[in-house]
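The structure appears right after this line, and notes come after that.
All values reported here derive from a predicted model rather than from experimental measurement. Whatever order the structure lists ligands and atoms in, that order sets their numbers, starting from 1.
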Amino acid sequence: MNSGIQASGQAAREVDAVVVGAGFSGMYMLHLLRQRGMSAVVFEAGDNVGGTWYWNRYPGARCDVESINYQYGFSDELQRNWNWTERYPTQPEIMKYMDYVADTLDLRRDIRFETRVTSAVYDEDSRRWTVSTNRGDVVSAQFCIMATGCLSAAQVPDIEGLKDFAGEWYHTGEWPHQGVDFTGKRVAVIGTGSSGVQAIPLIAEQASDLTVFQRTANFSLPAFNRPLQAGEHEAAKDSFLEERRKAEYTPAGANYPYNNQSALDVSRDEAFAELEKRWYEGGFAFLGAFNDIAVNLDSNALVSEFVRSKIAGVVNDPETAALLTPKDHPFGTKRLCLDTNYFETFNRPSVHLVNVRANPIERITPKGLVAGGKEYEFDAIVFATGFDAMTGALTRIDIRGEGGASLKDKWSAGPRCYLGLVSAGFPNMFTVTGPGSPSVLSVVIVAIEQHVEWIMECIDHMRAAGIETIDAEPDAENAWVQHVNDVANATLMPQANSWYMGANVPGKPRIFMPYVGGLDNYRRKCDAVAADGYEGFAFERERELAE
Ligand code: NAP
């Protein structure tokens with residue numbers, strides 16, 4: 001249990017760094033800080049490590065990056081002593097892995113669990129951050145590292161009447177730890193993104209009746225999950241680090257077989273043959289089939305047509321198949337889903353699909369909900385409605401930088417961050433996988449390691465050179481934000497109403513938040529910035545040197 005650091009009102013305990021969040025980012029950050037002999041405390045709202053994976057316990061929760069690639073790449077010992085059991089790891093297995101890492105690296109003693117950071121305030125005189133929590137902790141730190149995750153602020157839509165609903169309701173991203181038994185129940189699932197697509201087949205197996213409320217039909221690829229065969233993971237261990245080093249310099253942080261050819265440079269039959277081959281291999285390697293799927297509407301249309309034909313081939317009822325077929329955005333411009341039996345589930349007589357676009361949800365009633373003028377009755381409602389992605393976890397904390405300026409206000413027209421690492425006016429605050437970095441467009445653990453290592457090396461540099469603070473230069477930040485937008489606008493990505501664009505949260509500015517220029521290019525840019533004396537960053541030396 002949390003013992004607290006310091007009750008408010010007393011002098012704050014001083015540490016070198018506060019880390020917010022004990023997911024993959026915060027755990028690795030803590031490990032590196034401790035290796036340097038720096039004092040650090042991690043605040044974590046959950047009662048265990050895990051971050052996003054701690055909260056997303058809905059039925060079917062599973063990572064859609066292959067397990068062998070979904071682990072830390074900084075330690076040979078860690079990877080050699082761990083065994084994955086399936087091609088894609090389940091949420092419980094990822095939690096076991098994170099427990100294993102926390103135990104092996106003895107991380108827990110510096111993590112304050114069940115403690116949510118409420119504010120972080122920068123003091124220009126002391127050049128330190130004061131971080132406060134909901135348990136009365138007040139800590140003063142030179143560095144504040146936000147390892148808060150991109151998909152951690154759950155978004156429950158503001159639908160009138162929810163508080164009057166007599167049944168149970170859940171959000172996939174805040175799932176009860178004891179699990180939920182839907183046996184014999186009439187269940188509604190709202191939302192058909194990755195979480196809904198994974199949860200729906202399993203909820204359908206239990207529920208007596210399941211109604212799916214779909215606003216946007218999504219492209220989903222078959223995962224073809226399977227148990228790893230005896231020795232399969234063992235065999236991959238010898239080459240794991242070498243493979244990871246290569247993956248770090250690929251666009252998505254994964255050694256997918258990339259075909260450097262346009263879909264338009266081959267005949268339609270050849271294109272479909274390539275897609276067919278990749279389809280049955282399963283997973284996101286499908287995206288590497290051609291080099292212009294994300295930028296050329298005609299290539300994209302060909303791929304979209306192929307994927308649409310697969311839906312028609314699985315779903316028996318033509319009307320349901322038509323409704324499940326994405327038509328309003330190019331393939332891959334919303335986050336692709338990976339599924340196991342998603343479309344097949346709609347062939348079950350107990351599963352129904354409601355088009356929320358045509359029949360919007362009007363209100364929730366004590367018995368269920370009203371959509372398109374019709375009342376549906378349920379025992380349980382599941383919100384698979386996603387997250388206030390990339391910014392929500394940060395803007396929900398009262399963060400005050402120089403002059404008391406609030407980060408939330410600064411980002412009110414869209415997040416502004418140099419390299420997704422530091423936002424000007426918030427010295428010594430780093431964001432791991434922040435907006436403007438590739439983060440969610442890559443295998444996120446590869447992106448996380450790159451950020452954590454860059455931040456650590458930057459702090460090493462500062463300490464060695466007697467530098468007290470780092471801040472982003474406004475011009476460099478503006479140029480980077482412009483570049484992030486320009487690169488996105490050269491692709492088809494902004495054409496979709498995606499959470500990448502903030503489109504899922506009413507009132508959120510429509511800005512493409514992650515960096516779509518590739519993890520490889522981004523990494524080179526970050527390395528070059530560091531090599532160039534941290535170009536675009538402003539340092540302030542330690543006070544006695546400056547005065
Ligand atoms: P999401 O992709 O944002 O999907 C939310 C769904 O809810 C969408 O279908 C959305 O419709 C719908 N929705 C939102 N508000 C609604 C409203 N008021 N009325 C009706 N429908 C509404 O969220 P998610 O599925 O939780 O996934 C978020 C991200 O987390 C994923 O894209 C992925 O990056 C990550 N994730 C990964 C995995 C994995 O690795 N396997 C699993 C789960 C999640 P619209 O599309 O029309 O907005």
Number the atoms of ligand 1 from 1 as they appear, then name those within less than 4.0 Å of a heavy atom of [X], with their elements.
| X | answer |
| --- | --- |
| I190 | 20 (C), 21 (N) |
| Y58 | 42 (C), 43 (C) |
| P157 | 18 (N) |
| R335 | 31 (C), 32 (O), 33 (C), 34 (O), 37 (C), 40 (O) |
| R357 | 47 (O) |

Heavy-atom distances under 4.0 Å are what count here, so tell me which part of [X] touches ligand 1: side chain, backbone, both or neither.
| X | result |
| --- | --- |
| F387 | side chain |
| T192 | both |
| Q198 | side chain |
| Y500 | neither |
| A384 | backbone |
| K334 | side chain |

Does either side chain, that of [X] or that of [Y], offer a donor lying less than 3.5 Å from an acceptor on the other one?
| X | Y | answer |
| --- | --- | --- |
| Y58 | H171 | no |
| D292 | S299 | yes |
| T183 | D181 | yes |
| D209 | H352 | yes |
| E243 | N255 | yes |
| W411 | S423 | yes |
| H31 | Y72 | no |
| K327 | S304 | no |
| K237 | N81 | no |

*Is the cationic atom of R523 (NZ for Lys, CZ for Arg) positioned less than 6.0 Å from the six-membered ring centroid of Y249 and within 45 degrees of its normal?*
yes
_Distance under 6.0 Å and angle within 45° of ring axis: R57 vs Y54_ = yes
Nearest neighbour in protein (non-hydrogen) for [atom]:
| atom | result |
| --- | --- |
| atom 27 (O) of ligand 1 | S195 OG, 3.9 Å |
| atom 30 (O) of ligand 1 | L151 CD1, 3.4 Å |
| atom 40 (O) of ligand 1 | D64 OD1, 2.9 Å |
| atom 45 (P) of ligand 1 | T216 OG1, 3.4 Å |
| atom 4 (O) of ligand 1 | G193 CA, 3.5 Å |
| atom 12 (C) of ligand 1 | G191 CA, 3.7 Å |
| atom 38 (C) of ligand 1 | S194 CB, 4.0 Å |

[X], any N or O under 3.5 Å of ligand 1 N or O:
| X | value |
| --- | --- |
| R215 | yes |
| W499 | yes |
| R62 | yes |

*Please state whether the rings of F378 and F213 are parallel, tilted or perpendicular, taking 30° and 60° as the class boundaries.*
perpendicular
